[in-house]
Amino acid sequence: MGITTISFILLSLMAVASSVMMITSKSPVNSILWLIVVFFAISGHYILLNAQFLAIVNIIVYAGAIMVLFLFVVMLMNLNAESEPAKNHRLQFIGVISGGSLLLVLLSAFMTVKNDHPVMLAGGNAGLIKTLGKVLFTDYVLPFEISSVLFLSAMVGAVVIGKKD
Amino acid sequence: MNAILLSGIWGVLMMFSGVFIKSKTTPKYLAILGILILFIANACELDAFNLGVMQFSIDTKEMLNINSFNLSFLAIVFACTLLYFLLSARDVEKVGEHVGEYFALIFFVLCGVSIVATYNTLLLLFLGIEIMSIPLYILTGSDKRNLKSNEASLKYFLMGAFSTGILLMGIAFIYGGNPNGSFFINNIQLGEGPMPAMIAVGLVFMIIALSFKVSAAPFHFWTPDVYDGAPTVFTSFMSTIVKVAGFFAFVRLFENSFGRVQGQWINLIVFITVLTLFIGNITAVFQQSVKRMLAYSSIAQAGFMMLAVFALNDRAREGLLLYSAAYSIATIGIFAVLIKMKDYTIEGFNGLGKTNPLLALCTTIFLLSLTGIPLTAGFQSKFFMLMAAAEVTGKFWLIIVAVIFAAISAYYYFRVIQAMYFKEAIENNIEENEVSTSFKIVLAIAAFLIIAIGIYPEFVVGWMYH
Amino acid sequence: MDIKYYIALSLTLFSIGIVGVLTRRNAIIVFMCVELMLNAVNLLLVAFSNMHAASTAAKALPTFASDAQIFVFFIMIVAAAEVSVGLAIIVMLYRNTHSIDVNFLNRLKN
Amino acid sequence: MNNVLQIVWLIPFLPLVGFLITGLFRNNLSKSLSGFIASATIFGSFALSIFVFLQVKSGNTHVAHYFNLLNIDSLKVGFDFKIDQLSTLFLLIITGVGFLIHVYSTSYMHDEPSKDFAKYFSYLNLFVFSMLLLVMGGNYVIMFFGWEGVGLCSYLLIGYWFKNNDYTNAAKKAFIMNRIGDLGFLLGLFWLISKVGTVSYDEVFSAASLAKLTTTDITGITALFFVGACGKSAQIPLYTWLPDAMAGPTPVSALIHAATMVTAGIYMIARSNILYTMAPATQNVVAIVGLTTAIVAATIAIKQNDIKKVLAYSTVSQLGYMFLGLGVGAYTGAVFHVMTHAFFKALLFLGAGSVIHAMSGEQDMRNMGGLKKYMSITNITFLLGCIAIAGMPPFSGFFSKDEILAAAFSKNPILWGVGVLGAMMTAFYMFRLYAMTFLGKFRGTHEQEHHLHESPKAITFPLIVLAILAVVGGWIGIPEIFLHGGHQLEAFLKPVFAQSNAIAVKHEMSHSTEFLIMGVSVVAALASLLFGLKKFSTYKKEDDVAASGLGKVLENKWYFDELYNTIITQPLKSLSLFFNNIIEKKGIDGLVNGTGKFVNYGSRQLRWLQSGQVGAYVLLMVIGMLLLFIIQLFIKN
Amino acid sequence: MGTFITFPELLLWLPMFAGIFCFFIKSETLAKNIALLSSLLVLGVALTTLCYTDAKYASYNAVNYIWLRNLGSSFYISLDGAGRILTLLTAVSFPIIFIATYKNSYKNAGAFFGLMMLAQCGLMGVFVAKDALVFYFFWELALIPVYFLCSQWGGEKRIQATFKFFVYTFVGSLLMLTGIIYVYLHTSPRLFEDGTQALHSFGLQSFYNATLTAGQQGWLFWLFFIAFAIKMPVFPFHTWQPDAYDQSPTPVTMVLSGIMVKMGLFGVIKWLIPIFPLAVPKFANAVMILSIIGIIYASCIAMVQDNLKKLVAYSSIAHIGLMCAAIFAMNEISLQGIMIQMFSHGINIIGLWIVIEMIEKQTGVKNLSQLGGVAHKAPVLTIMLVIIAFANIALPLTNAFVGEFMMFAGIYKHNIWMAAVAGLSIILAAVYTLNMIQKVFYGNTNSITENITDISLNEKLGLGLIVIMIFAFGVYPQPMIDLAKEAVVSLMVK
C-alpha cells in the first residue's frame with residue numbers, strides 16, 4: 001500500500017464523487033465548478049502516470065479555457081437553478097438504470113482478465129514535453145496540419161452561426 | 001493526397017471569397033471550378049488518363065493508405081459533388097448570407113471525406129470523421145431564423161459529440177488491447193482464437209460509433225430529425241456524400257483490422273442490418289413529407305449498404321462503389337427537384353407528370369433506381385450487394401430478408417410516382433422560373449447516368465481495378 | 001498498479017457521463033457530460049500508453065508510448081473545436097427561443 | 001360408280017358447304033333459296049350415301065385417311081373416315097330422314113323472318129355435317145368431333161328462339177348434361193390411349209391391342225364410354241334434358257331428339273361392340289339402365305298432356321329398349337330398332353308438328369281432339385306411326401322391338417317380362433295420345449277451330465314417305481322363323497359384329513318359345529292399346545280429376561328435376577358462393593391486403609419511437625449498445 | 001444476315017425503338033399507325049423466322065455479347081422451341097390488339113403506344129433470353145410498362161389494383177433473383193470467347209449443369225416457382241389477377257392475360273424444370289394438386305361472378321391451372337399439349353376481351369345482370385363471341401381442343417384421379433360460359449342494351465383473324481406441333 005496507491009484511490013474517489021455531483025447539482029454554475037474539480041483530479045492522475053505535459057495542458061485548456069468559456073456562456077444567459085427545466089423522473093430513473101447496467105456489463109468483461117498488465121508509474125520519458133514535441137512535429141506532422149482544417153471549419157462555423165444578421 | 005490538400009486549400013479560398021467577393025452569385029462558380037479541379041487532380045492520382053501518376057509527394061509516415069480503391073471512391077464522391085453543385089448551387093445562395101462560407105464548409109467536409117477514404121491510422125479516422133461532422137453541425141443550423149433548423153443542429157451536435165465519445169472509447173480499448181501499442185489499422189495484433197476482451201469491447205464501441213455515423217439502427221435516431229430540419233440543399237449533401245463516406249470508412253476499418261476474425265463479430269452486423277432494414281423501410285411507409293420519407297429511405301438504403309460490411313469481399317467492394325454512385329446520384333437528383341417545390345408533402349408532387357414531364361421522368365428514374373428496378377444503377381448496386389452477401393456461407397436467409405424489405409420499399413417510392421402521374425395537380429407547386437434549362441439538362445444527364453450504370457456497371461467498378 | 005483499475009475508473013466516469021446525458025435536459029450540462037466522457041477516454045489512453053511502455057517492446061523504441069499521449073492531445077484539440085461550435089449553436093438557440101432545454105424544441109418527430 | 005368410295009368425303013362436305021352458304025349469306029338469301037340450298041345439299045349427300053351403300057353391300061368397305069390431326073411419338077390421330085356396313089346404314093338414316101325433315105322445315109318454319117330462317121337451315125346443315133362426321137369417323141377422336149358437334153347444334157337449335165329464357169335454359173341444360181357424358185367419354189378415351197396408345201378403330205379392335213387390355217381396363221373403358229352414351233342418348237340418370245329439349249322447333253325434335261343425335265350413343269356402343277362383349281359386367285349395367293329408363297320414361301309419358309313431351313318420353317323409353325338390346329348383345333336388334341325408330345318417331349314428331357302448326361302453336365292435348373275430320377293425311381300417317389311404335393305386326397316397330405325382347409328373354413326372362421310391361425305402356429300412352437288428339441270432339445277455342453286446316457304439301461309429303469317407311473321399314477329384318485334368310489339386315493351387318501358373335505355365348509331357343517313370347521308381347525300390347533283407345537276417345541276436360549299418389553308422382557316426372565336441383569345444383573351454387581365470398585374475398589385476398597395493412601400499422605406504431613427528444617434517443621441508443629455488448633460478450637457463436 | 005443482325009435482336013429492337021419513338025409523337029393517329037406498323041413488321045419478322053428454324057441457320061437465331069465480364073454474364077439471346085412459339089404469339093397478338101382497338105382514343109396516346117411497344121420488347125426479351133441476368137432484366141422490364149399503362153389509363157380503382165399487381169409480382173421476382181444468385185454461386189467457371197474467365201456463369205446452360213444437392217434444389221425450386229406461380233397465376237397466388245384485369249384498359253388486359261401469364265409457364269418450362277431435375281419429381285404432385293384445386297376453385301367462382309371481366313379472369317385462372325398441372329405431368333403428350341395451348345389460349349382470350357371491350361365501350365356496364373339481348377342488335381358480334389367462347393371451352397375443331405385434349409391425356413397418364421378431377425372443369429367451364437352467353441346475348445334487350453350497334457370493320461377484322469386461327473389450328477394443328485417438338489424433346493431428355 002504505497003503512496004501512489006493511496007493517491008490513486010483518493011484521486012479516483014475525488015473524480016467520481018465530483019462528477020456525480022456535477023450531474024446532480026441543480027444550478028449549471030455548480031455543475032461547471034464540479035466538473036473543473038473532476039479535471040483537476042484527472043490531471044492528478046496524469047501526474048501519477050508521469051504525463052506532465054498532458055497534466056498541464058489539461059489544466060490550461062480544459063479547466064482554464066473551455067470551462068471558463070462555459071461559465072461565460074452560462075453567465076451570459078444568466079441561467080440559474082430556477083431556469084433549470086422540470087425533470088421527468090421516470091426517464092431519469094430509466095437513464096440511471098441503463099447507464100449503470102452498461103457499466104456493469106463492461107466491467108464484467110474485464111474483471112475476468114487476470115493481472116498481467118501492470119502500468120508503469122512514475123517512470124519512462126514518454127510523457128515528457130521534449131519527447132512529445134519531437135514526435136508531434138516529426139511523425140505526427142500530417143495530423144497536426146490536418147487539425148488546422150478542423151480549427152478553420154470550427155472558426156468559420158462559429159462565425160456563420162454566431163454572427164448576428 | 002491531392003484530394004486532401006486541394007480540398008483544404010480550396011476551402012480556405014472559398015472562405016476568403018466570402019470576405020472579398022460581395023456578389024452572392026459568384027462563389028458558386030468558384031466552387032464548381034474547385035470541384036472540377038479536385039476531380040481532375042484525383043483522376044491524375046488515379047492515373048485515369050494514363051499520363052503517369054501525378055500527386056503531391058508528402059511523407060505521410062504511412063498514415064495514409066492510397067490505392068486505386070480509395071481513389072476510385074473519391075472519384076465517385078467528387079463526381080457526385082459536381083453534380084450536386086451543378087443542380088443545387090443556386091439554392092445554396094438562398095439559405096443565407098454567408099454563401100462563401102457555406103461552400104468553404106462543404107469543401108472542408110470533402111477534405112474530411114478524403115481523409116476517411118484514405119486513413120491508415122485510427123487517429124486520422126478520428127480526425128477525418130470530426131472534420132466531416134463539425135461543418136455539418138453548422139450547415140444544419142445555417143438557416144438561423146428557422147427553429148426547425150436550430151433544433152436539428154442542436155440534436156445533431158449533441159448526439160454527434162456523444163458518438164465521438166463512444167468512438168474514442170473504442171479507439172482507446174483497441175489501442176490498449178493491441179500488444180503492438182499502435183494506432184495503425186493494419187498493425188493490430190489479434191492473436192489466435194477469440195479476441196482479447198479489450199479488443200472485443202473496443203470493436204463493439206467502434207461498430208456503435210460508425211453505425212451512428214452511417215445512421216444504422218438502433219443508432220439512427222438523429223437521422224430523420226436532422227435531415228428533416230436541415231436546409232434541404234444541405235440535407236441532400238449530407239444524406240449522400242457524407243453517408244457513403246461513413247460506410248467507406250466502416251468497410252475499410254473492418255476489412256483491414258478485423259476481417260480475419262469476422263466470424264466473431266458478424267452477428268452484430270447481422271443484427272444491425274436486419275434492424276436497420278426493418279426500421280428504415282417500415283417507418284418510411286407512413287411518412288407524408290417526401291423530405292422525411294427520403295430520410296427514412298436513406299436509413300433503409302444504409303441497411304442494404306451494411307451488407308458490404310457483412311460480406312467484406314471483392315463483390316462487396318465493387319458493390320460499395322456502385323452503391324455510392326447509384327444512391328448518391330439518385331438522391332441528389334430527387335432532392336434537387338424537391339428543393340424547387342413549395343410543398344414538400346407527397347401531394348406536392350401531384351400531377352407533376354403533366355405540368356413538368358421532364359422533371360417527372362427523371363424523378364421517376366431516380367425513384368425506380370432507389371427501388372432497385374433493373375436497367376437502373378440501383379438494381380446493379382443492390383444486385384452486387386446481394387451477390388457479395390450470398391458468398392458468405394450459412395447466412396443466405398439474410399438475403400431473402402433483404403429482398404423482402406426491398407419489395408416493401410417499392411411501397412413508398414411508388415407513392416411518389418403515383419402522385420406524379422396518376423393524380424391531378426391541385427395548384428402549380430413549382431414555379432417555372434426556378435427550373436432553368438441548364439438545370440433540366442443536368443438532371444437529364446443524371447438520369448442518363450443512372451441508366452448507363454444500370455446497363456453497364458463495369459465502368460464504375462472498373463476504376464477500382466485500374 | 002494494474003491496468004484494470006484504470007479501466008474501471010475511466011469506465012465509471014464514462015458511464016457517469018452517459019447517465020448525465022440521459023438525465024439532464026439543460027443543453028450545456030449535457031454537453032459538459034460529453035466532455036466528461038472524453039476525459040474518461042483521455043485518462044484511459046494515458047494509462048494504456050504507460051501500460052505499453054511497461055511492456056518489453058518499449059525498450060527498443062523510447063518514444064514508443066508517446067503515441068497515445070499525442071492522441072490525447074489531438075482529442076483535446078477536437079474538444080476545443082467542438083466546444084466553440086457547440087456553444088455557438090447553443091447561443092443561437094437561446095437567442096431564438098430563450099431556452100436551452102434540449103426538449104423545448106420538439107417540432108421534428110415521428 | 002366404283003370410285004364413289006374415293007369421294008366419300010363429299011358426303012359430310014356438302015352439308016358443310018350448305019352451312020357455310022346459308023350461314024354467311026343469311027342476310028341476302030331469300031327464304032326459298034336458302035331452304036332449297038340446304039335441302040339440296042342434304043339430298044346430294046343422301047344420293048351419295050345410296051351409291052356408297054350399294055358399294056358396301058357388294059362387300060367392299062373402305063378406310064380413307066386424309067391427313068394427320070396429331071402426329072407425335074406417343075400418339076397418332078389421323079383424320080380418317082371408315083365406311084363399313086354400320087356407318088353406311090347410319091348414313092342412309094341420317095341423310096334420308098334429314099332430307100325429309102329439311103323439306104318439312106321449309107314450310108314449317110316459313111313464318112320466321114328470312115334471316116332467322118337461313119340461320120335455322122345453316123344450323124340444321126351443320127348438325128347433319130357433325131352427325132355424319134360422328135358416324136363416318138375412322139377413330140374415336142373424329143367420332144368425338146361429331147359427338148361434340150351435334151351437342152353444339154342441339155344447343156343452338158333448342159335455343160333457337162333465344163328471346164325466351166326458358167328455352168335458353170333448356171338449351172343450356174342439354175349442353176351441360178351432354179358435357180357430363182362427354183367427360184366420361186373422354187376419360188374412357190384417355191384410358192384407352194394410355195393403354196393401347198391409339199384411337200383408330202381398326203387398331204384398337206385388332207387382337208394385338210385387345211390383348212394389351214386387362215378385364216379391369218375394358219370394364220372401366222366401356223363403363224366410361226357408356227356414361228358418355230347416357231348423356232348423349234338420354235339414359236338415366238342423364239335423361240332429363242331431352243324432354244326440356246322440346247323447346248326447340250318441332251322438326252328439330254324430330255331430327256335431333258328422335259331420329260339421329262340421340263342414337264349416337266347406340267352407334268358408339270355398336271361400333272365398339274367387341275369391347276362390350278368382352279366386358280359382361282358393363283353389358284349387364286347397360287341392359288339394366290336401358291330397361292329402367294324404358295320403364296320410367298314410359299310411366300312418365302302416361303301422365304303427360306303436352307303432345308311433344310309425350311313423344312319425348314316415348315323417345316327416351318325407346319332408346320332404353322335399344323340399350324337393353326345392346327346390353328343383351330343383340331347389336332343388330334339395337335341398330336335395327338334405331339332405324340325403325342328413326343322412321344316412326346320422326347313421323348310422329350312431324351305429325352305432331354303438323355298438328356301444332358294447325359292448332360297455331362297449341363301443344364296441350366287437352367285442348368285438342370277430333371282433328372281427324374280436319375286433317376286426314378296427318379291423321380292416317382300419325383295412326384300408322386302409333387301402330388308401328390306400339391309394335392303391331394307387320395309394322396316395322398314389331399320386328400325390331402321383338403328382336404330385342406327375344407334376345408332379352410334368352411338372356412334372362414325377367415328382363416323380357418319387364419320389357420313387355422314397357423311395351424304395353426308404350427301402346428297405351430301412344431293411343432292415349434292419338435285418341436286425345438284426333439278422336440272425340442274438338443276442345444279448343446273457336447278461332448283455333450276455324451283456323452284448323454290440313455298442312456301444305458311440303459309437310460304432308462315427308463309424312464307420307466315416313467309413314468310408308470314406318471310400315472315397311474321392318475321387313476328387312478324379318479326373323480328366320482317366318483322367312484328363311486328374311487333377316488337381310490343381320491346378314492348385312494354380320495361383318496361388323498363378327499368379332500363379338502365369335503365370342504358371345506349363343507343360346508338358341510326353340511321356335512315354339514319364340515312364337516310364344518312374340519305372341520304374348522303382341523297380345524299384351526294390343527290389349528293396352530285398345531284400352532287406351534277406348535278410355536280416351538271420349539275424353540273431356542271436365543272428367544280428369546286432380547291426380548294423387550302415384551299419378552301425381554308421375555305427373556311430376558318422379559321429381560327427377562327437383563332431386564337434381566337439391567343434390568347437385570344448389571350445393572354447387574352455395575359452394576361457389578362460399579369460395580367467392582369467404583375464401584377468396586375474406587381468406588386469400590384478406591390475407592394479402594392484411595399484410596399491406598399490417599405494414600401500414602407497424603409504420604404508424606414505429607413512428608412513436610421517433611419521439612423528437614434527445615434524451616429518449618440517447619436512451620434508446622444506450623439500450624442498443626447494451627444489447628450489442630451482451631450479444632458480443634455473453635452470446636457465444 | 002446472321003453476321004449483320006439476328007432475328008432475336010430484330011424482335012427486341014424493332015418494338016423498342018418504335019416505342020421510344022412513339023413517346024415523342026403528339027398526334028394520336030400517327031402514334032397509332034406507327035405502333036400498328038411496327039407490330040406488323042415484328043409479325044413479319046416472327047413469321048420469317050419460321051423459315052429458318054433449321055439447325056444450319058443457327059447463326060441467324062442466336063447472338064452472344066459479353067456483358068458483365070467479371071460476373072460471367074453475357075447478353076446471350078436466341079430463338080428456339082418454346083421461345084419460338086411464344087415470340088410468335090407475342091408478334092401475332094399485338095397487331096390484332098391494335099387493329100381491334102383501333103377506334104379507341106387515349107389521352108396522351110404517344111405514351112400509351114410507346115409503353116405498349118416497350119412491353120412487347122420486354123416480353124420478347126423474356127422469351128429469347130438465354131442468360132439468367134438478361135432473363136431477369138426483361139422479366140422486370142415487361143412489368144414496368146404494364147404497370148404504367150394500367151395505372152394511367154385504367155378504371156377508377158386502377159391505382160390500388162395495379163399496385164397490388166406490381167408488388168405481388170415484384171416480391172416474386174425478387175425471390176427468384178435470390179434463387180438465381182444462389183444457383184449462380186454453384187455454377188462452374190466460365191471461359192469467354194476472348195479467353196477471359198469468370199469464376200461463375202449466368203448462362204442458362206451452366207445453370208442446367210450447376211452442382212446442387214437435392215436439399216438445395218428443394219427450396220430453390222420454391223423460390224423460383226413462387227415467382228412463376230404469381231405470374232401465371234396459380235392458386236393461391238392469383239388474387240391480384242381479377243382486379244388487375246378488371247381495372248386495366250382492355251388492350252393491356254389482353255397483353256396481361258394473353259401473353260404475360262405465359263411468362264410464368266415459359267419460366268417453369270425453361271428455367272425451373274431443367275435446373276432442378278431432382279426437385280421436380282419430388283414436388284410435381286404437390287404443384288399439380290395445387291393447380292387442380294385452382295382449376296375447380298376458379299371455375300366455381302367464375303360460375304357465380306356477375307362482373308363479365310372478372311368472370312373471364314377466373315376462367316383464365318382455371319385454364320392456366322390446367323396448363324401448369326400439365327407441365328408437371330412431364331410426359332411428351334402433355335408437354336406438346338402445353339405448347340399448343342399456350343398459343344391457343346393467348347389467341348382465344350384476346351378474342352374474348354375484344355368482344356367484352358366492345359360491349360363495355362358501348363353500354364358502359366360490365367355486369368351480366370344488367371346486360372341481355374345483345375344478339376338481336378349485334379348478330380355478327382354474337383356469332384364471333386359464340387365461336388370464341390366455345391373455343392375457350394375446348395370444343396373440337398377449335399384450337400383449344402387439341403391442346404386440352406393432349407394435356408388431359410398427359411395428366412391422365414400421370415395420374416388417373418387428377419385427370420378425373422381436373423376434367424370436371426370441362427363441365428364447369430361449359431356452365432359459366434353458357435351462362436355468360438345467355439345473360440349477355442340472349443333474352444330480351446333492356447334500356448342499356450337496346451341501342452347497341454354491331455361491330456365495326458376493324459373489330460370485325462381482328463375477330464375474324466382470331467376466328468380463322470381458331471379453326472385453322474383446330475383442324476390442322478400439326479405445324480404448331482412440329483414447331484414445339486424441339487422444345488418438348490429437349491425437356492424430355494432432361
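Only a predicted model underlies this, so the values are computations on that prediction, with no experimental measurement involved. Every chain is numbered from 1 and lettered A, B, ... according to where its sequence line falls, protein lines coming before strand lines.
Residue Leu35(A) touches chain C through its side chain alone, counting heavy-atom pairs closer than 4.5 Å. Residue Val21(C) does not touch chain A at all, counting heavy-atom pairs closer than 4.5 Å. Contacts between Leu136(A) and chain C at a heavy-atom distance below 4.5 Å involve backbone atoms as well as side-chain atoms. In this structure, chain A has a heavy atom under 4.5 Å from the side chain of Val85(C), while its backbone stays farther away. Looking at Leu11(C), both its backbone and its side chain come within 4.5 Å of chain A, counting heavy atoms on both sides. Looking at Ile94(A), neither its backbone nor its side chain comes within 4.5 Å of chain C, counting heavy atoms on both sides. Contact annotation for Ile77(C): both backbone and side-chain heavy atoms come within less than 4.5 Å of a heavy atom of chain A. The part of Leu13(C) that comes within reach of chain A is its side chain, from C-beta onward, which places non-hydrogen atoms under 4.5 angstrom from that chain. Interface residue Asn42(C): backbone and side-chain heavy atoms are both found under 4.5 Å from chain A. In this structure, the portions of Val16(A) lying under 4.5 Å from any heavy atom of chain C include both its backbone and its side chain.
Within the 4.5 Å cutoff, no side-chain heavy atoms of Phe72(A) are placed close to those of Leu87(C). Residues Ser19(A) and Ile16(C) meet the side-chain proximity criterion, which asks for heavy atoms closer than 4.5 Å. Side chains of Asn58(A) and Asn39(C) form a contact here, defined as non-hydrogen atoms less than 4.5 Å apart. For the pair Leu38(C) and Tyr62(A), the minimum side-chain heavy-atom distance is below 4.5 Å. At least one side-chain heavy atom of Tyr140(A) sits less than 4.5 Å from a side-chain heavy atom of Phe74(C). Between Val46(C) and His45(A) there is no side-chain heavy-atom pair separated by less than 4.5 Å. Inter-residue side-chain proximity for Met77(A) and Ile90(C) is flagged as met; some heavy-atom pair is nearer than 4.5 Å. A heavy-atom distance below 4.5 Å is found between the side chains of Phe70(A) and Met32(C).
Put simply, CE on Met76(C) and CD1 on Ile60(A) are 10.0 Å apart, with the number rounded to the nearest 0.5 Å. Going from atom OG of Ser15(C) over to atom CG of Leu107(A) covers 7.0 Å, rounded to the nearest 0.5 Å. Rounded to the nearest 0.5 Å, atoms CG (Asp67(C)) and CG (Asp139(A)) are 7.5 Å apart. Here the CG-CG distance, from Leu91(A) to Asn103(C), works out to 8.0 Å after rounding to the nearest 0.5 Å. Atom CG of Leu36(C) is separated from atom CD1 of Ile42(A) by 6.5 Å, given to the nearest 0.5 angstrom. Atom OG1 in Thr131(A) sits 9.5 Å away from atom CD1 in Ile70(C) (nearest 0.5 Å).
Counting heavy-atom pairs closer than 4.5 Å to chain A, the top residue among Ile18(C), Val91(C), Val30(C), Leu9(C) is Leu9(C). In terms of heavy-atom pairs under 4.5 angstrom with chain A, the leader among Ala8(C), Ser10(C), Ser84(C), Ala47(C) is Ala47(C). Per-residue heavy-atom pair counts under 4.5 Å with chain C were compared for Val20(A), Val38(A), Ile32(A), Leu102(A), and the maximum is reached by Ile32(A).
Test Ile66(A), Val73(A), Val61(A) against Val83(C) for side chain to side chain contact (heavy atoms under 4.5 Å, CB included) and you get one pass: Ile66(A).
Closest of all the heavy-atom pairs between Gly99(A) and Val19(C) is CA-CG2, 3.9 Å. For Gly20(C) against Ile23(A), the heavy-atom pair with the smallest separation is CA-CG2, 3.8 Å. The minimum heavy-atom distance between Arg24(C) and Lys26(A), with the atom names listed, is NH2-O, 3.4 Å. Residues Gln92(A) and Thr23(C) approach most closely at NE2-O, 3.5 Å, considering heavy atoms. Between Pro28(A) and Ile29(C), the shortest heavy-atom distance links the atoms CA-CD1, 4.0 Å. Considering every non-hydrogen atom in both Gly162(A) and Arg95(C), the closest pair reads O-NH2, 3.0 Å.
For residues 151-159 of chain A, a heavy-atom distance under 4.5 Å to chain C picks out Phe151(A), Ala154(A), Ala158(A), given by residue number.
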Step-by-step side chain to side chain contact (heavy atoms under 4.5 Å, CB included) determination, Phe14(C) to Leu103(A): CA-CA 9 Å; Phe14(C) 191 77; Leu103(A) 177 60; over 6 Å; no
Side chain to side chain contact (heavy atoms under 4.5 Å, CB included) between Leu49(A) and Leu43(C): does it pass, once the steps are laid out? CA-CA 9 Å; Leu49(A) 289 163; Leu43(C) 177 56; 4.3 Å; yes
